[in-house]
Amino acid sequence: MIVTTIDLRPVRDPALDLPDSTFARRPRLHQRIVRRLLAIREIGLLTIFALAGYIATGWWMFYVKHFYINDELNRIADAVYVTVGRDPHLGAIGFYWPPLPQLLNCIFVPILEPFGQTIMAGPVETAFCMAGCIPVLAKLGRSLGVGRWTIFAICCVFAITPDAIYNSTNGMSEACFFFTGLLTMLGFLRYVRSHSTADMILFSAAMSAFILTRLEGPFVVVVLVVVASFEWSNLRSRSSLRNSAWTAVLLALPPLGCFGFWMLVQWILLKNPLFFLDQSGTAPPLNASWLPKTSSLPFGAVPWALHWVLVLGGGALAIALIGIVLRPRSGRTRGSLGVLGAIGTIVAIQIDSVGFDHGYGDPRYFAMAVPFGFAAAMWMAVRSTDKTPRRAAISYTGLPTNQRRGWVTLANVGIVGVLVVNAGLGSWTMSSGPITGIEHECTFFQGAVGQLIPFLGRGGNPADKKNYCPPFADTIKPYMQAAHWLDGQLQPSNRVLTDNSSVFQPDLFTKHPNQYIVRNDRDWEKITANPGSHVTYIITTARRRRGRPQELNLSITGGNADYGAQIIDQRPAAWKLVYSTSGGLAVKGVGNWVQVYRATGTVAPEGINGPTGLGG
Amino acid sequence: VLARLLAGLGMIALALGLVLRQEDRAQRRRAVAVLAAANNPWLSRVQLSIDLLRRTHPSMVADTTLTLRQTQVLLAGLGILGFFLALSVHLTVMVLVALAIALYLLALGVRLHIFKLGLNDKGMIRIDDDTARAFPAEDLPTYTVLVPAYNEPQVFGQLVENLRALDYPRDKLELMLLLEADDEETIAAARAAVGDLTDFVIVRIPPAEPRTKPKALNYGLIKARGDLIAVYDAEDRPDVLQLRKAAIALARAPEDVACVQARLGFFNPQQNLLTKWFTLDYKMWFGELLPGLVQLEAPIPLGGTSNHFRKSALFEVGAWDAFNVTEDADLGLRLYRFGYRTGVIDSTTLEEANSDFVNWIKQRSRWYKGYAQTLLVHLRDPRAFRRDVGLRGMVLACLFVGGTPLLAVMNSFFWTCVIVWFIFHPPFFLQVLPTLTYFLGMISWIGGNATMLYCWLLGARRSDDKLILPALLSPLYWVMMALAATKAAIQLITAPSFWEKTQHGLDMPTSSSDAKAA
């Protein structure tokens, strides 16, 4: 009792009460929210406007101009299967493309599903990604020390760059690539300057996402990790090499883990961990014609890897040589090397693809250099304020180097001007008539927007349906009709077997996606032979190839195309054609494209909520 | 249905039996303590050391695991669970699994946030050596260092050397060795080591139950003359400037900072894989998580040693709870409830890393048990707790103090489920994992484990490259944690106040046999 009354507090000397941020009181949550809201200035507003604009443009393109890309619908359908389909399993995503965009769609599909707008999940996802680039770009500029209004100007140019707008509306992987690419550059440029663990986390986490967006990602990641990890100035020292190696491991482990996990999933689902190298069923092969297919060799990746080493090895070697010659000690030189390496890698891949026909040779994929170009612009803007330029260094830009306000302003205006001219030229090139044949999607967009902005749409005519992306109704209509017809037929116990490669669209229009089955093992023989699977309908396309389904697993590695037709062929008595559409998109000249078959035998009864036991 | 109802009733009966058993044990313990005190000539002081907290804040004494009210709540909860199980096993398990996954994700998110905050170094008080040395001696407050020891005669030679090395004005320093009066071997060793040194005080604590470290600390505290109080373990090797740094930090800090916790490290990290893991564990805890918690203004579960307090604050909050097996964590939480804050100071005390698997399990299970015990004590009156610390503080306390052992126990359960799934594919598992739960669970399992592994790697990078390989193997360490937590859960029911003493001296090959014998 007595002890509680003893006051043993030391006498305090006010002189010792030094301010210490350690004990600064943390603002309460509502105070933080209010401060955050008040802190929204030009960049926040620009982001909000850009997001609204991108979503509105996506909606307008889809519903008014009937612009869509088949691969976009495929991605949305995958997400629909995963989130609201039967026996939901991530296998429905297929994992033959880098999976991050589909995984992001899995967030937006359930949100939009109650509004009957699942089909907008793709454009909304890309709009969010592209709008998200703006604050990331601004953050990059701020962390480098670029002036406020230069940052705003660069972000504005980014927001209205036609490539950014186009890719924000198309539901494809580019927006995701832009966003994660900029995050990666933010992490890289911060890490090479600070070498702090916090920035290492940001850098490696961003790379982990980036590597799962597009196949250009791994190449850029390799370059950035090499530039960021090695202590170039001290390569002879053993301890320095050890440190460099550990840094490289820590930086590369998360992206490698993600990529390895993706390969593992491909191995499980598609029976080939290197499936992404050999997508012959869905797209032109990545391999050169003289290279064997990866699936036909135990070490099929070897020639593929050799090819890319040859293509990119020169660039990587150049980067390494520059590193060794310049021995970049400072984050400044390292940063320049990384920016140059990232852009150079994208350009090298595109030159190889377009010039030598070693991949998807679409010129529009040059757009992948855009986020790195804007990161480079920020980098250049801050370099213009350097007091002590080293002419020998790679970071030397030739821009005015003293800090006199006039010169810095002039330099920054010049950088923004180059970006504007670049965006305009890119748009002007992509909207030209001659390029329409191979760039129909992009050109259609440019042409459609060109109705609003006269400068664009040079030579492109969106009314010309032959050369542009087919109008919505023509291609999707048969699938929509089939889905609606099936809605009228389906009993609660019925299941519809379909695939995630060629007949995915009905899933977007049906009222009962929960009764659609997508297999992840692609073994249609097994599921149709099992009465317990309750497969009553098969919805398929007219067949294109011959062979047993399991042989197709090898010969058509790109998905489930033709499996339905094969199953029907095998046991024609077991299936009856109950619905078919003619017309529509005459893919490869095949008519009666969408076909629905019904099982003629007995299907085991089962309540709608019971599991088929065949998921996962 | 009948079988399910019976199962539900069985669970209720089991819970009732366990609770009654606990009440019975607590009653007996109180009786033994009172009897021992009654027959003791040092009644007043030793009784005060046992009852210091009870006399000031009786509702916060951990002499019983569950209060009557908590028992009622537990029974009601079990009854409701039994009812729902009787209605639908499938649906009930589905909800429980979903709640477990939500808890995992919440804990993961909070932990990552704290780790990220901890990386910026703002939560760590740094006072460089020159400043510490240059601080005028006359401005330093008086200091009492409390060092409790029991059955540890072998450490005294080193201990006296380490404490004498502390750089602090001798006339303002009181070094107090707190020994049990009937532990003659240790007392003899202490006397031999101290010799005729005048700055040491050997305090003999009369034998009385419970024979715990917090009781010894309370006993020392009552006798202490210093304005500031520090606690060290017998095998500690503190930074020689630590007292100065802590004194300066407390002088600079606002009045409501009642305690600073120094970092703990190990002097034998390279002994074996276990010591490397343990070192890494501590580096993360004191290097990133505690500074992160400081910035978040969350309750800080103190470490058992190298804490420096203002004595006035200690008395105000009731000092240590003699019945709590993690009196340090409990005190940290209590300081928080009374509006005090704790800082973390960048000064390291080296201790001995536990190098023996069984010994480690004993130590860790005691910590886990104590954490659970501590949270149960503070949740006796949830409204008062919430009023004292706010909703955010309450959630953080639950996640960090109660969540740590709970999640470790859940880990062992869910890892077993994963193994069972891959071997047997039981259809029941599919039924209790609807889409959202399934995907969130997968994110939690794959993403959570991968992220934590990466955090360990980063922790290793920040401290010592030699720890990177052990960091890669850290999932094995997590399995050990799960084992320890399971043991703690069992012990919380069967022996809540049993103090499993950690053996020290295992780093010294020559003295290991002695240590084991002790």
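Lettering follows sequence order; numbering is per chain, from 1.
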* **Distance (rounded to the nearest 0.5 Å) between Leu457(B) CG and Trp246(A) CH2** => 8.0 Å
* Asked: What's the spacing between Ile443(B) CD1 and Leu103(A) CG if we round to 0.5 Å?
  -> 8.5 Å
* **Heavy-atom contact with chain A under 4.5 Å, split by part of Leu453(B)** => neither
* Asked: Where does Leu253(A) contact chain B at under 4.5 Å (heavy atoms): side chain, backbone, both or neither?
  -> side chain
* Asked: For Phe422(B), does the CZ atom have more than 12 heavy-atom neighbours from other residues, nucleotides or ligands under 6.0 Å away?
  -> no
* With side chains defined as the heavy atoms from C-beta onward, is the minimum distance between Phe261(A) and Ile446(B) less than 4.5 Å? -> yes
* To do: Report the C-alpha separation of Val249(A) and Ile468(B) in whole Å, then their side-chain angles, then the decisive distance to 0.1 Å, and conclude whether the side-chain contact (heavy atoms from CB on, under 4.5 Å) test is met.
  => CA-CA 10 Å; Val249(A) 166; Ile468(B) 287 180; 6.0 Å; no
* To do: Output the distance between atom CG (Leu250(A)) and atom CG (Leu458(B)), rounded to the nearest 0.5 Å.
  => 6.0 Å
* Min side-chain heavy-atom separation Cys106(A)-Phe439(B) under 4.5 Å -> no
* Asked: In Å, rounded to the nearest 0.5 Å, how long is the span from OG1 of Thr197(A) to NZ of Lys116(B)?
  -> 13.5 Å
